[in-house]
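Atoms considered below: every heavy atom in the structure, side chains included; atoms not considered: hydrogens, waters and symmetry mates. Just so we're on the same page: letters track the sequence lines, and every chain starts at 1.
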Number of protein chains: 2
Amino acid sequence: MAADAEVGPARAPLSRDRVLRAAVRIADDGGLGALTMRRLAEDLGAEAMSLYYHVANKDEVLDGIADAVGREINEVVDALDVPSAGPQWKQAVRRRILAAREVLLRHPWVPAVFETRAAMSPEILRYHDRLLGLMRDGGFSYDLAHHALHALGSRALGFSQELFTPAAGGGGAGDGDELADLAERLPNLAGLLEHISHDDPGSTLGWCDDQEEFEFGLDLLLDGLDRLRERSSS
Amino acid sequence: MAADAEVGPARAPLSRDRVLRAAVRIADDGGLGALTMRRLAEDLGAEAMSLYYHVANKDEVLDGIADAVGREINEVVDALDVPSAGPQWKQAVRRRILAAREVLLRHPWVPAVFETRAAMSPEILRYHDRLLGLMRDGGFSYDLAHHALHALGSRALGFSQELFTPAAGGGGAGDGDELADLAERLPNLAGLLEHISHDDPGSTLGWCDDQEEFEFGLDLLLDGLDRLRERSSS
DNA sequence: GTCGTAAGGTTTACGTTGTAAGGTAACCAT
DNA sequence: ATGGTTACCTTACAACGTAAACCTTACGAC
């Protein structure tokens, strides 16, 4: 009867699920660049080629971790219970998106993965389906809801590509000369920076609050959509 | 006197500029994946390692081509001459962004490059500086203009990350069973698709007009910003 | 029992990538 | 002439994704 349990340290059964879970952890810790088939195998106590028994190739790993994060998001937002009828749609959508954002902040590599994915993850599709449902509850026509999803874009999931980071340009130690030159070539940004540092001295660097800016942009869109909703339903 | 021009086919002087120009062309033709140091050198009639005399590494090439596209954009939008005073700011900003978009559509790899860049390209900084200038002309406070740049995000340059492509999910040949299952799991998207195909039969696939959706989202933001502008200036 | 089969894992190896190290040929001031 | 700089090439290497083949265990049929 003791024939079953013996040698003991049979390290790992190794499954598609375990592979993807490990992949997410690696990306969380070291970024996408750290996510290598060999490294992934090492973390699982196996060899690189063994992974190919559970995933077709690295691309499928990327698809898989995108979907895994999608599932994580859906688990969180499904637990939300916010009334969405009529004018309440806005709060419902807002809460949901900010909850999704919290998940994505734990996985900062996700935007880069989405950028390279052609097909859409089933979980992300599901997320959009529910979001569309909330808008329909709020009285959106199909057309308007459809436009809305496109208008939100990546913001629907809680992130947005930030191209504008004033500090990143003239970073670090700005000599007087360089700074003057910069102010001449970029008069408006220079004025903006001066205004800000005057307003809130000691914070010329890293003064952009990502969360605040995200919510500002989100509210701008949601308010605009609400106006269109009201206009179309009257 | 004829000592200078002799052997003739001295293939190329090879400069940083030529390197970047070739890099842009390769990315345009074959995507970012085709952009290899060896391929780049080959296109220039040189060897891979020769490139390192003009650029520090591949990362600098990517920085360089991003900046090159930025310059191309600035050349186009600088030629624009649209009045921006007062309420005219919106048309000015709109025209500028749509012009930038036209350039970016010729270089579809740019969003992916921006995603991986930490520091901001000088030309892109300049672009944002001018955009900010237009808003200031329109009467924006520094604070509002700053929020506006963040709210526009990548849309300021004419693109937006599309995560939502309904057709991409259940692509191709949908069997009746699969389709029914999909409709059950994604009732709202199914309803949307049905509505669309009813409205415009024969176009259940590839029915999203990117340009139209982009302009819708852009106008939504610009209209919202205009309202904030009017409220703050009254 | 034992044997065939197949699933799960490993070994080895190949082509491609970015790039470090060092060589070479041309030119230019001394 | 000569030494130094500038531009380019040759060789080489480590890391990557993954194809091909091989080993190993488990198990049902007989």
Side-chain angles (χ1 to χ4, degrees), chain A residues 1-24 26-27 29-66 109 112-113 116-118, chain B residues 1-24 26-27 29-66 109 112-113 116-118:
Chain A
M1 306 301 185
D4 249 342
E6 41 191 27
V7 269
R11 283 104 191 170
L14 205 56
S15 69
R16 179 187 160 90
D17 209 64
R18 267 172 53 77
V19 169
L20 294 183
R21 223 182 293 275
V24 167
I26 292 175
D29 290 355
L32 273 186
L35 181 52
T36 297
M37 295 306 271
R38 286 178 233 264
R39 168 73 196 283
L40 186 48
E42 191 188 351
D43 273 28
L44 291 164
E47 297 303 314
M49 288 311 292
S50 306
L51 303 177
Y52 288 87
Y53 224 85
H54 301 96
V55 290
N57 46 41
K58 188 175 182 182
D59 230 58
E60 201 177 287
V61 173
L62 294 177
D63 283 341
I65 59 178
W109 44 270
V113 174
T116 64
R117 272 350 50 202
Chain B
M1 305 299 184
D4 249 342
E6 40 192 27
V7 267
R11 285 102 191 170
L14 204 55
S15 69
R16 178 186 160 90
D17 210 64
R18 268 171 51 79
V19 168
L20 294 182
R21 222 182 294 277
V24 167
I26 291 174
D29 291 355
L32 273 187
L35 180 52
T36 297
M37 295 304 272
R38 285 178 233 266
R39 168 73 196 284
L40 186 48
E42 192 188 350
D43 274 28
L44 291 163
E47 297 302 313
M49 288 312 292
S50 305
L51 303 176
Y52 288 86
Y53 220 85
H54 301 96
V55 289
N57 45 41
K58 188 176 180 179
D59 230 58
E60 201 178 287
V61 173
L62 294 177
D63 283 342
I65 58 177
W109 44 270
V113 173
T116 64
R117 271 351 49 203

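- Summarising the geometry, the separation between CE on B/Met37 and P on C/dA20 is reported as 10 Å, rounded to the nearest angstrom.
- Ranked by how close their nearest DNA chain D nucleotide is to the 5' end, A/Asp59 and B/Ser15 are led by B/Ser15.
- Mapped onto DNA chain C by nearest heavy atom, A/Leu51 and A/Arg38 fall at different nucleotides, with A/Leu51 at the one closer to the 5' end.
- At least one donor-acceptor pair under 3.5 Å links the side chain of B/His54 to the backbone N or O of B/Leu14.
- Under 4.0 angstrom from either OP1 or OP2 of D/dA7 there lies no side-chain N or O belonging to B/Ser50.
- For A/Tyr52 and D/dA19, the OH to P distance is 7 Å, given to the nearest whole Å.
- Distance, A/Leu40 CG to D/dG17 P: 10 Å, rounded to whole Å.
- Atom C1' of nucleotide D/dA14 and atom CZ of A/Arg39 are separated by 17 Å, given to the nearest angstrom.
- If you measure from atom CG of B/Leu14 to atom C1' of D/dA7, you get 9 Å, rounded to the nearest angstrom.
- With hydrogens and angles ignored, the 3.5 Å screen pairs a side-chain donor or acceptor of A/Ser15 with a backbone N or O of A/Arg18.
- Which of C/dG9, C/dT19, D/dT10 sits closest to the side chain of B/Glu47 comes down to D/dT10.
- Using a 4.5 Å heavy-atom threshold, the side chains of A/Trp109 and A/Val24 count as touching.
- OP1 and OP2 of D/dT6 both lie 4.0 Å or more from every side-chain N or O belonging to B/His54.
- Rounded to an integer number of Å, the gap from CG of A/Leu32 to C1' of D/dC16 is 15 Å.
- With D/dA19, C/dG18, C/dA20 as the choices, the nucleotide that has an atom nearest any side-chain atom of B/Met49 turns out to be C/dA20.
- In this structure, B/Tyr53 does not reach the D/dC8 phosphate: none of its side-chain N or O atoms is under 4.0 Å from OP1 or OP2.
- Looking at heavy atoms from C-beta onward, B/Arg117 lies in side-chain contact with B/Asp59 at the 4.5 angstrom threshold.
- Protein atom NZ of A/Lys58 is 4 Å distant from nucleotide atom P of D/dG17, rounded to whole Å.
- If A/Ala46 and B/Thr36 are placed on DNA chain C by their nearest nucleotide, the residue sitting closer to the 5' end is A/Ala46.
- Looking at heavy atoms from C-beta onward, A/Met49 lies out of side-chain contact with A/Arg38 at the 4.5 angstrom threshold.
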